[in-house]
Amino acid sequence: MGRWIIRIWVSIVVFWFLMFMSGMALASAVHLSLRMDLPFLRECIRHHDLLTMFLLGVTTGLPMLGSGFTGRGWFRSKSGLTYEGFKLEAIKRWMWLLISPVLLVGIIAWIETQREGGVLFSVTLSSFYHGFLMPDCANRPLLRYTGDTTCIMNLLFVGTWLASVGYSLAPIVRRHGAKLWRNLTSFDKGLAAGQ
């Protein structure tokens, strides 16, 4: 049981670390595009923040988590037993389930903020969709979300969960992408041989 807890913990830490690194790379790309006077990338991210989080999760999950990430010799119990071979690639497809409690906490927090906001509060499917899942945050820059808890909660809870879904689907994308790449290169080689 202890091995599974450590294995899940390391998987979540690696997910957050890789998401942070991918986010920093995306922020650098946006900054570079703005310096080149090309605001398209920033506007695309601003209007599609949840899609951006999903795609960020897919790109984060594309690298193989091989022996360098398995904790070989990193973790030792008090008895001297090492926890080796975490097989993080196998856990990757379940990351959406491991991050689902974050979404659940967000739903509970949203319900509590709505309950505090009015006496006649009732959760409907429409209010949940427009208030928590898909609020209109397109006209507000990310740095100006500070006064709007709806957009912050949406990005923090729903965006993080969507990133974990993308991270979980990344091995399928990588497998099909590699197959498509092999088919395209063999097709190009066949064309070159025929000429």
Side-chain angles (χ1 to χ4, degrees), residues 8-34 38-66 69 87-111 113 125-146 148-181 184:
I8 289 170
W9 174 251
V10 170
S11 296
I12 292 172
V13 167
V14 167
F15 166 71
W16 284 112
F17 174 74
L18 292 176
M19 279 295 295
F20 176 76
M21 297 305 288
S22 296
M24 293 300 292
L26 181 63
S28 298
V30 168
H31 182 68
L32 183 63
S33 72
L34 289 175
L38 300 169
F40 172 74
L41 184 59
R42 182 186 67 178
E43 294 302 316
C44 186
I45 291 171
R46 180 183 292 176
H47 293 292
H48 305 289
D49 54 349
L50 294 180
L51 178 63
T52 301
M53 290 295 285
F54 175 77
L55 293 175
L56 197 62
V58 170
T59 44
T60 299
L62 287 177
M64 288 282 285
L65 298 179
F69 286 95
K87 299 178 184 174
L88 299 182
E89 192 64 30
I91 296 180
K92 186 183 282 187
R93 63 181 173 205
W94 299 106
M95 189 56 65
W96 67 272
L97 187 61
L98 297 176
I99 301 296
S100 289
V102 171
L103 182 65
L104 186 62
V105 166
I107 291 169
I108 292 169
W110 178 79
I111 290 172
T113 57
L125 191 58
S126 176
S127 68
F128 177 71
Y129 179 80
H130 292 293
F132 181 71
L133 289 179
M134 298 297 285
D136 184 20
C137 301
N139 296 327
R140 299 181 191 109
L142 184 61
L143 296 176
R144 295 190 189 149
Y145 280 1
T146 51
D148 188 1
T149 57
T150 305
C151 292
I152 292 172
M153 289 176 72
N154 176 260
L155 190 64
L156 183 64
F157 298 113
V158 179
T160 300
W161 187 76
L162 282 175
S164 71
V165 170
Y167 185 80
S168 298
L169 292 175
I172 297 169
V173 172
R174 182 178 58 229
R175 186 170 49 247
H176 289 296
K179 185 188 286 187
L180 180 65
W181 179 255
L184 287 174

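Excluded from the calculations below are hydrogen atoms, water molecules and symmetry mates; all remaining heavy atoms, backbone and side chain alike, are included. Because the structure is a prediction, the values reported are computed rather than measured.
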How many angstroms lie between atom [atom1] of [X] and atom [atom2] of [Y], to the nearest 0.5 angstrom?
{"X": "T160", "Y": "W16", "atom1": "OG1", "atom2": "CH2", "result": "4.0 Å"}
{"X": "T60", "Y": "M19", "atom1": "OG1", "atom2": "CE", "result": "5.0 Å"}
{"X": "L133", "Y": "M153", "atom1": "CG", "atom2": "CE", "result": "11.0 Å"}
{"X": "M53", "Y": "I45", "atom1": "CE", "atom2": "CD1", "result": "11.0 Å"}
{"X": "I107", "Y": "F157", "atom1": "CD1", "atom2": "CZ", "result": "10.0 Å"}
{"X": "L169", "Y": "F54", "atom1": "CG", "atom2": "CZ", "result": "5.0 Å"}

Margin query: Minimum heavy-atom separation for K92 and R174, please, with both atom names.
Written below: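 Heavy atoms only, the tightest pair is NZ-NH1, 4.0 Å.
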Next item on the list: Locate the shortest heavy-atom distance separating A170 from G61; write the atom from each residue and the value.
Entry: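 Where A170 meets G61 most closely, the heavy atoms are CB-C, 3.3 Å.
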[X] vs [Y] side-chain heavy atoms within contact, under 4.5 Å:
{"X": "L55", "Y": "L51", "value": "yes"}
{"X": "I172", "Y": "R175", "value": "yes"}
{"X": "I8", "Y": "W94", "value": "no"}
{"X": "L18", "Y": "Y167", "value": "yes"}
{"X": "L50", "Y": "N154", "value": "yes"}

Next item on the list: Would you check, one step at a time, whether the test side chain to side chain contact (heavy atoms under 4.5 Å, CB included) holds for V102 with W161?
Entry: CA-CA 7 Å; V102 171; W161 187 76; over 6 Å; no
Margin query: Check this for me: L180, atom CG, are more than 12 non-hydrogen atoms of other residues, nucleotides or ligands nearer than 6.0 Å?
Written below: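 For L180, atom CG is crowded (more than 12 foreign heavy atoms under 6.0 Å).
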Item checked: Polar side-chain atom of T59 near backbone of L56 as donor-acceptor pair, under 3.5 Å ->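 Side chain of T59 to backbone of L56: a pair is present.
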Item checked: Backbone N/O of L41 and side chain of S33: donor-acceptor pair under 3.5 Å ->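 No; zero donor-acceptor contacts below 3.5 Å.
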Next item on the list: Go through the steps for M95 and L98 under the test side chain to side chain contact (heavy atoms under 4.5 Å, CB included), then give the verdict.
Entry: CA-CA 5 Å; M95 189 56 65; L98 297 176; 4.2 Å; yes
Check: Any idea how F132 and W110 line up, ring-wise: parallel (<30°), tilted (30 to 60°), or perpendicular (>60°)?
Finding: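 Tilted, since the angle between the ring planes falls between 30° and 60°.
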